[in-house]
Amino acid sequence: MVWAEASEPQLLTSGARIMSANKGCWVPPEGEDSVSQKFLRKTRESPLVPIGLGGCLAVAVYRIYRLKARGSTKMSIHLIHTRVAAQACAVGAVMLGAVYTMYRDYIKRTAQDDGEK
């Protein structure tokens, strides 16, 4: 990604342009998606990735909230428990994604193939 300030639109090496009204802002070239469009497209392709990230974030926020009420537990033990819980959310989302993909590719496809015969 190349950033530049310009008084008029410049064509950069990647085909992106810097517009004079948006000094220093990157503008994607024609035909490419913006960041939000790309995120929404990726979310539609694999919906469990944002769910896993949300789970990790929720665990982290909850454990930070509970930090004061940890009692006599050492800080290192509290952080290890937080990491394990966040990883469990991420691994759970990956496993759900794998099961869903297997269902979609094998069970649903064979049911459609049987219906066509």
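Counting begins at 1 with the first residue of the sequence.
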Which residue pairs pass the side-chain hydrogen bond (donor to acceptor under 3.5 Å, both in side chains) test with at least one member in residues 48-59, sequence neighbours excluded?
none

[X] side, atom [atom1]; [Y] side, atom [atom2] - distance, nearest 0.5 Å:
{"X": "T73", "Y": "L67", "atom1": "OG1", "atom2": "CG", "value": "10.5 Å"}
{"X": "S34", "Y": "L40", "atom1": "OG", "atom2": "CG", "value": "8.5 Å"}
{"X": "H81", "Y": "R63", "atom1": "NE2", "atom2": "CZ", "value": "7.0 Å"}

Which ILVMFWY residues are connected to Y62, directly or by a chain of links, through side-chain heavy atoms under 4.5 Å apart?
none

Taking all atoms of both residues into account, what is the closest heavy-atom pair of T82 and A60, and its distance?
CG2-CA, 4.4 Å

Salt bridge (charged side-chain N to carboxylate O under 4.0 Å, His left out) contacts in which one or both residues fall within [range], not counting sequence neighbours:
{"range": "residues 35-49", "result": "D33-R41, R41-E45"}
{"range": "residues 93-102", "result": "none"}
{"range": "residues 65-84", "result": "none"}

Mind listing the side-chain donor-acceptor pairs of residues 88-107 below 3.5 Å, one per line with the distance, residues two or more places apart or on another chain?
| from | atom 1 | to | atom 2 | distance (Å) |
| --- | --- | --- | --- | --- |
| T101 | OG1 | G97 | O | 2.8 |

